[in-house]
Amino acid sequence: HGVAVGAHISLPDLQGFGRRELRVSPDEAYAMSLYQIGALQAIARAQGVRVAHVKPHGALYNMAAKDRALADAIARAVHDADKDLILVGLASSELVRAAEAVGLRAVHEAFADRRYESDGSLTSRREADAVIHDVDAAVAQAVHIATSGKVDGRGGAIEIRADTICVHGDRPDAGVF
């Protein structure tokens, strides 16, 4: 069906669905990233497909967006697993800069259903308004990002590069998008 398989690597936080920050060193981030990518590559190979991209999940994604050492470790793990993998990260973040620095194709990602801070980071899920629950508002934000290259953040409009736009699949109404 032309679907690309991607690794959605995460912190070891099963109870919190990978959305709680856990302290990990760059060496630990490298090892867990390489392990998770490698495991999926083996399963994909057994099924006759290949892994095409990697996107960190939840807290790991947000941590790597700001922490260059962590971003470098993840980018090295992706590169060492397969230099042809695409690394997806928050638009204009440390993660996409780290990917580009090691020669990976980086994809700048924006979010239809998340609120933004004035620095371009995502509003913490601990904040009541971090997730846009109204489908029409999320669609409007996605269209605004795609057509203007801007997103409304706290304090005003922010320029944003968006090669792809994420809609969270764990929303009950994700299929409406």
Side-chain angles (χ1 to χ4, degrees), residues 6-26 28-29 32-33 53-75 78 86-102 104-177:
H8 205 29
I9 60 176
S10 180
L11 292 168
D13 174 30
L14 294 176
Q15 294 290 67
F17 195 58
R19 289 187 171 143
R20 296 182 295 191
E21 282 193 18
L22 303 176
R23 295 175 67 102
V24 294
S25 70
E28 291 169 320
M32 71 182 178
S33 298
H53 60 277
V54 175
K55 176 185 169 184
H57 171 70
L60 183 62
Y61 181 94
N62 291 317
M63 291 163 63
K66 295 178 181 180
D67 182 331
R68 183 55 187 258
L70 196 60
D72 284 339
I74 293 167
V78 172
I86 298 165
L87 183 53
V88 179
L90 184 64
S92 302
S93 69
E94 292 296 337
L95 186 58
V96 293
R97 286 190 279 279
E100 291 164 348
V102 297
L104 292 170
R105 179 174 163 215
V107 170
H108 294 250
E109 181 176 48
F111 288 79
D113 56 357
R114 291 293 307 276
R115 302 250 187 241
Y116 283 82
E117 296 298 312
S118 61
D119 65 357
S121 64
L122 297 175
T123 299
S124 169
R125 283 181 178 267
R126 288 178 288 230
E127 306 256 347
D129 66 340
V131 177
I132 300 171
H133 296 286
D134 179 77
V135 173
D136 292 334
V139 169
Q141 177 163 291
V143 170
H144 183 61
I145 291 168
T147 59
S148 72
K150 294 181 182 178
V151 66
D152 292 329
R154 290 182 197 240
I158 304 164
E159 300 249 344
I160 189 168
R161 175 177 171 182
D163 301 322
T164 188
I165 297 178
C166 176
V167 176
H168 284 90
D170 60 340
R171 305 171 52 112
D173 58 0
V176 176
F177 281 86

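These numbers were taken from a predicted model, which means no experiment stands behind them. Numbers here are sequence positions counted from 1.
- Heavy-atom contacts from other residues, nucleotides or ligands closer than 6.0 Å to CZ of R105 number 12 or fewer.
- Across all non-hydrogen atoms, the minimal contact from A146 to I165 is CB-CD1, 4.3 Å.
- Between K55 and E109 there is a salt bridge, since a side-chain N of the basic residue sits under 4.0 Å from a carboxylate O of the acidic one.
- With contacts defined as side-chain heavy-atom distances shorter than 4.5 Å, the pair D72/P26 does not qualify.
- Between L90 and G120, the shortest heavy-atom distance links the atoms CD2-O, 3.8 Å.
- Put simply, OG on S148 and CD1 on I160 are 9.5 Å apart, with the number rounded to the nearest 0.5 Å.
- For V88 against Y61, the heavy-atom pair with the smallest separation is O-CE1, 4.2 Å.
- Distance check: H53 NE2 to L104 CG gives 13.5 Å after rounding to the nearest 0.5 Å.
- Interatomic distance, OG of S124 versus CG of D129, reported as 10.5 Å (0.5 Å rounding).
- Checked by atom type and distance alone, the side chain of E28 pairs as donor or acceptor with a backbone atom of S25 at under 3.5 Å.
- The minimum heavy-atom distance between L70 and A29, with the atom names listed, is CD1-CB, 3.2 Å.
- Counting only heavy atoms from C-beta outward, the side chains of K150 and H144 approach each other to under 4.5 Å.
- At a threshold of 4.5 Å between non-hydrogen side-chain atoms, the residues I9 and I74 count as touching.
- Contact of the V131 side chain with the R114 side chain is registered, since non-hydrogen atoms from C-beta on lie closer than 4.5 Å.
- Taking a cutoff of 4.0 Å between a charged side-chain nitrogen and a carboxylate oxygen, E100 and R97 do not qualify as a salt bridge.
- Checking each of T164, L95, D163 against H108 for a side-chain contact (heavy atoms from CB on, under 4.5 Å) leaves exactly one that passes, namely D163.
- For the atom pair OH (Y116) and CG (L122), the distance works out to 5.5 Å, reported to the nearest 0.5 Å.
- Distance CD/Q141 to CZ/F111: 10.5 Å, rounded to 0.5 Å.
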In sequence, state the C-alpha distance, the side-chain angles, and the governing distance for E117 and E127, and then conclude on side chain to side chain contact (heavy atoms under 4.5 Å, CB included).
CA-CA 11 Å; E117 296 298 312; E127 306 256 347; 5.6 Å; no

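- When all heavy atoms of P12 and L22 are compared, the closest pair comes out as O-CD1, 3.7 Å.
- For the pair M32 and L11, the tightest heavy-atom approach, listed with the atom from each and the gap, is CE-CD2, 3.3 Å.
- Summarising the geometry, atom CZ belonging to R23 is positioned 9.0 Å from atom CE belonging to M63; distances are rounded to the nearest 0.5 Å.
- A heavy-atom distance below 4.5 Å is not found between the side chains of L87 and V102.
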